[in-house]
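Below, chains carry the letters A, B, ... as their sequence lines are ordered, and counting in each starts from 1.
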Amino acid sequence: MSDAPKPQNFLAAIVEADLRAGRNGGRVVTRFPPEPNGFLHIGHAKSILLNFGLAKAFGGRTNLRFDDTNPVTEETEYVEAIQQDVRWLGGDWGDRVHYASDYFERMYECAERLVREGKAYVDSQTQEQIREGRGSFERPGVDSPYRGRSVEENLALLRRMRAGELPDGAAVLRAKIDMSHPNVLMRDPLLYRIRHAKHHRTGDRWCIYPMYDFAHPLEDAFEGVTHSICTLEFESNRELYDWVLDSLGPWDPRPHQYEFARLALGYTVLSKRKLLQLVQERRVSGWDDPRMPTIAGMRRRGVTPEALRAFAELIGVAKNNSVVDIGKLEFAIRGDLEGRAPRALAVLAPLPVTIVNWPAGEVEELDVPWWPGEPARGSRKVPFSGELLVEREDFALEPPKGWRRLAPGREVRLAGAYVVRCEEAVRGPGGEVVALRCTYDPASLGEAAGRKVSGTIHWVDARRSAPAEVRIYDRLFAVEQPDAAPSFLDALNPDSLRIEQGARVEPALRDAPPGARYQFLRQGYFFADPVDSRPGAPVWNRTITLKDTWASRAAPQPAVEARKPRERKEPAGATAAPRKTRAGFRADARAADPALRARYASYQARGLSAEEADLLTGDAATADYFDAAVAAKAAPASAARWLLNDLAGLAGDHPLGELPLPGAAFGRFVALVDAGRLTPSAAKTLLADLVAHGGEPEARLGALGLAKVDDRAAIEAAVEKALAAQPREVERYRAGEKKLLGVLLGAVMRQTGGAADAALVRKMLTEKLG
RNA sequence: UGGGGGAUCGUCUAAUGGCAGGACGCCAGACUCUGGAUCUGGCUAUCUAGGUUCGAAUCCUAGUCCCCCAGCCA
């Protein structure tokens, strides 16, 4: 175990339980298995952080594995980009970078073994025939005419496939499972297809390539992966994953697949196909365009790995289909940059200001701390003269209510410098404001001056500032759910990039190196672009704005259109079967079986409700079980209740007839409860034990010490003990938090193993607590 | 019933029969040389209906809604 923080999610719970149970010999091995056919995006970041984080937290290892089983879409360029991204995020795979293509020979051997064992065959149907033969959701498939080929013939054919004697599409290797399997993935899935294509690593060595469902479980098994974590859409594939492993084992460890919900984010798209389209259609400048949700794009925008990790922690891991508010990402980015970006002065859209009472020609070098309020973290010189520039947006001729910036006659603080007062707005020929004439207060410099003004604005010196290109990035999409639009391209935000050509930055920023990060005071966090910046001429990318409670007024949110229903392609000829419910099946069973029908009536005659009678007579086994219980002296009403409410849940999918607890013994159990020998609470414990291990109810009741305690003194002792153990709760209860009675009652019940009479305990508790 | 999964504040996520918690967001206030940050307080939730239980988000029954699967993609 390491001391890395333990993630708190359902997968961590599984790993922890496995470790506790001693499974896999204490090993924890995960893997991150990208296909090298595109750049990684923030959804992958979630998966990377999960896989690497989980293994690290539990003292395990994580492999990086390229799932390169489809030569026509995969490229070496992506392999390199992916490694860079994973490494940047902090994923440490040591020397364990693997390729599915490294296992092609072993996989092929597995394929031959399946053939030899009669579990796979070569199918020579066309693609269309195979699709047709698979059936549909409601209609079973039909066997391929080639399904019955002999082992020898299959082996010879498979070898010819490998040898390149067959053209693309002429044959495939299929598992021989069940063409009428309810899970369509199990209807003789394809294992290998012929592809005469050059592979980015194996070149022309192979012309047959394994399918994902065959390759992936084997890759995991070859590498000793214990927990194979993927996204929800692979849930149906798990059955096949298990089939492949069980057919080709034994394995140690035997990998298991678990699924979690992939990330969906508002105001963005996270499908490789769509991201590729944006790149190919030049809607963005490339995979690393700062507007892209790719890891490379976010990195270039100025986001840090720490911010992404904070984001991942913020959103957690679960199985709910969810769309995460983009605000959470922005929060994580701001929170990270807040502590690492020094504050600098830059004016994006300048408005000239003349300080009319400034001594002509004089320049003052102000010493301004990089971190306001934390002078110990350093400072730089900022020139101040009679000719300045302020942000155009920071002046209003007719200021609205609550305005805390410049306006005729108003005073503001220039950050790090003097308080100025606007004396006059200079108008151009069209009446527009082209410059400001202000006066300054020579006594207002520094904290000690104690001048109170309504606001502070940023500025730069007009002559001694540097021109800079500033790229103002905004969300790539204008609507929260681009996928819901008719075409996601329609949802693109036309203002996702604005280039401020006339921006000016303070002199200290002129030589900022690529990758430098600053907060431009009051405007946001900026990052010196690592690609386009030149020595002495950095290009600034806006990573993220500051939170702006002033501007956030009255920005109407566009209505979110309803997601358009996806079209179903249903092969012709399928009949729309009427939907049947469980209740319908029970009714059918009774219609077909007069004996069940008779029991349905007789149960009601013996006092059961129609619902109970219905549930008990859906099949003969359940009714038989119930009858056996009643024959063993259980009252019908309570037998029904215990069977339906508790036994059904404990039994799970197991038929009642196969339980270690026969119907007659169940009946004796119910009789014990009816006789008041144990409380309902203790009875549940006893029933769970009987279902798990069998045994005679009476004997187990004694062995587990579950006999009802109605001895006042014993209960009183338990109450005293429980109260003494929870003084805080007692105090809070007495202070008025009456809901804590349940907690205290629970504590007493646990004291007695559930054997105490709950009503009696409640009574004593309320008396004692007053 | 084709099969598989999922429904908890506006959003994301906890609570394995015993106090519905946290975070984002939002609102209000304090503070502030950033309308930022920070601090304080507040807001809002168990899909529906029955049942079991002293006690149900959790167990049972019925229903509703959402997602995934019929590529020689992964």
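To the nearest 0.5 Å, atoms CG (A:Leu745) and CZ (A:Arg750) are separated by 10.0 Å.
Across all strands shown, A:Gln519 has heavy atoms under 4.0 Å from base atoms, whether or not it also approaches the sugar-phosphate. Residue contacts for A:Thr126: at a heavy-atom cut-off of 4.0 Å it reaches a base atom on one of the strands shown. If you check every strand for non-hydrogen atoms under 4.0 Å, A:Thr69 touches sugar and phosphate atoms only. Among the heavy atoms of the strands lying under 4.0 Å from A:Trp403 is at least one base atom, whether or not backbone atoms are also near. A:Tyr212 comes within 4.0 angstrom of a base, heavy atoms only. Nucleic acid contact for A:Met211: sugar-phosphate only, since backbone atoms but no base atoms lie under 4.0 Å from a heavy atom of the residue. In this structure, A:Gly373 reaches neither bases nor backbone, as no heavy-atom distance under 4.0 Å exists between it and the strands shown. The residue A:Leu644 sits close only to the backbone: its heavy atoms come under 4.0 Å of sugar-phosphate atoms, none of a base. Across all strands, A:Gly446 comes closer than 4.0 Å to base atoms (heavy-atom distances).
Checking A:Gly649 against A:Leu740, the closest nucleotide of RNA chain B that is more toward the 5' end is the one next to A:Leu740.
Within the 4.0 Å cut-off from OP1 or OP2 of B:G10, not a single side-chain nitrogen or oxygen of A:Lys328 is found. When the side-chain nitrogen and oxygen atoms of A:Ser681 are compared with OP1 and OP2 of B:U53, none of them lie within a distance under 4.0 Å. Between A:Arg641 and B:G51, a side-chain N or O to OP1/OP2 separation shorter than 4.0 Å is absent. Applying the 4.0 Å criterion to OP1 and OP2 of B:G71, one finds that A:Arg131 has a side-chain N or O inside that range. Neither OP1 nor OP2 of B:C73 sits under 4.0 Å from any side-chain N or O of A:Lys272. One finds a side-chain N or O of A:Asn320 lying less than 4.0 angstrom from the OP1 or OP2 phosphate oxygen of B:U13. Side-chain nitrogen and oxygen atoms of A:Arg134 include at least one within less than 4.0 Å of the OP1 or OP2 phosphate oxygen of B:C72. For the OP1/OP2 pair of B:C73 and a distance below 4.0 Å, the side-chain nitrogens and oxygens of A:Arg193 include at least one atom meeting the criterion. Residue A:Arg586 places at least one side-chain N or O under 4.0 Å from the OP1 or OP2 atom of B:A62.
Judged by a 6.0 Å distance limit and a 45° cone about the ring axis, A:Lys328 is not positioned over the six-membered ring of A:Phe311.
Within 6.0 Å of NZ on A:Lys763 lie no more than 12 heavy atoms contributed by other residues, nucleotides or ligands. The neighbour count for A:Glu393 CD, taken as heavy atoms of other residues, nucleotides or ligands under 6.0 Å away, does not exceed 12. Atom CD of A:Glu737 has more than 12 heavy atoms from other residues, nucleotides or ligands within 6.0 Å.
A donor and an acceptor atom never sit less than 3.5 Å apart when one is taken from the side chain of A:Asn321 and the other from the base of B:G6. Between the side chain of A:Gln8 and the base of B:U13 there is no donor-acceptor pair of N/O atoms closer than 3.5 Å. For A:Arg343 against B:U34, a side-chain-to-base donor-acceptor contact under 3.5 Å is present. Taking only distance into account, the side chain of A:Arg732 meets the base of B:C19 through a donor-acceptor pair shorter than 3.5 Å. Put simply, the side chain of A:Lys547 and the base of B:G35 share no donor and acceptor less than 3.5 Å apart.
Ring pair A:His44/A:Phe32 is perpendicular by interplanar angle, where above 60° counts as perpendicular and below 30° as parallel. Relative ring orientation between A:Phe66 and A:Tyr99 is described as parallel, the plane-to-plane angle staying below 30° on a 0-90° scale split at 30° and 60°.
Taking atom C1' in both B:A20 and B:U46, the straight-line distance is 8 Å, to the nearest Å. Comparing B:C43 with B:G5, their P atoms sit 39 Å apart, to the nearest whole Å. Between B:U64 and B:G29, the two C1' atoms lie 44 Å apart (nearest whole Å). Comparing the P positions of B:C19 and B:G55 gives a spacing of 15 Å, expressed to the nearest Å. Rounded to whole Å, the separation between the P atoms of B:G63 and B:A56 comes to 24 Å.
Picking from B:G35, B:G18, B:U34 the nucleotide with the shortest atom distance to the side chain of A:Leu745 gives B:G18. Among B:C33, B:U13, B:C19, the nucleotide with an atom closest to any side-chain atom of A:Ser322 is B:U13.
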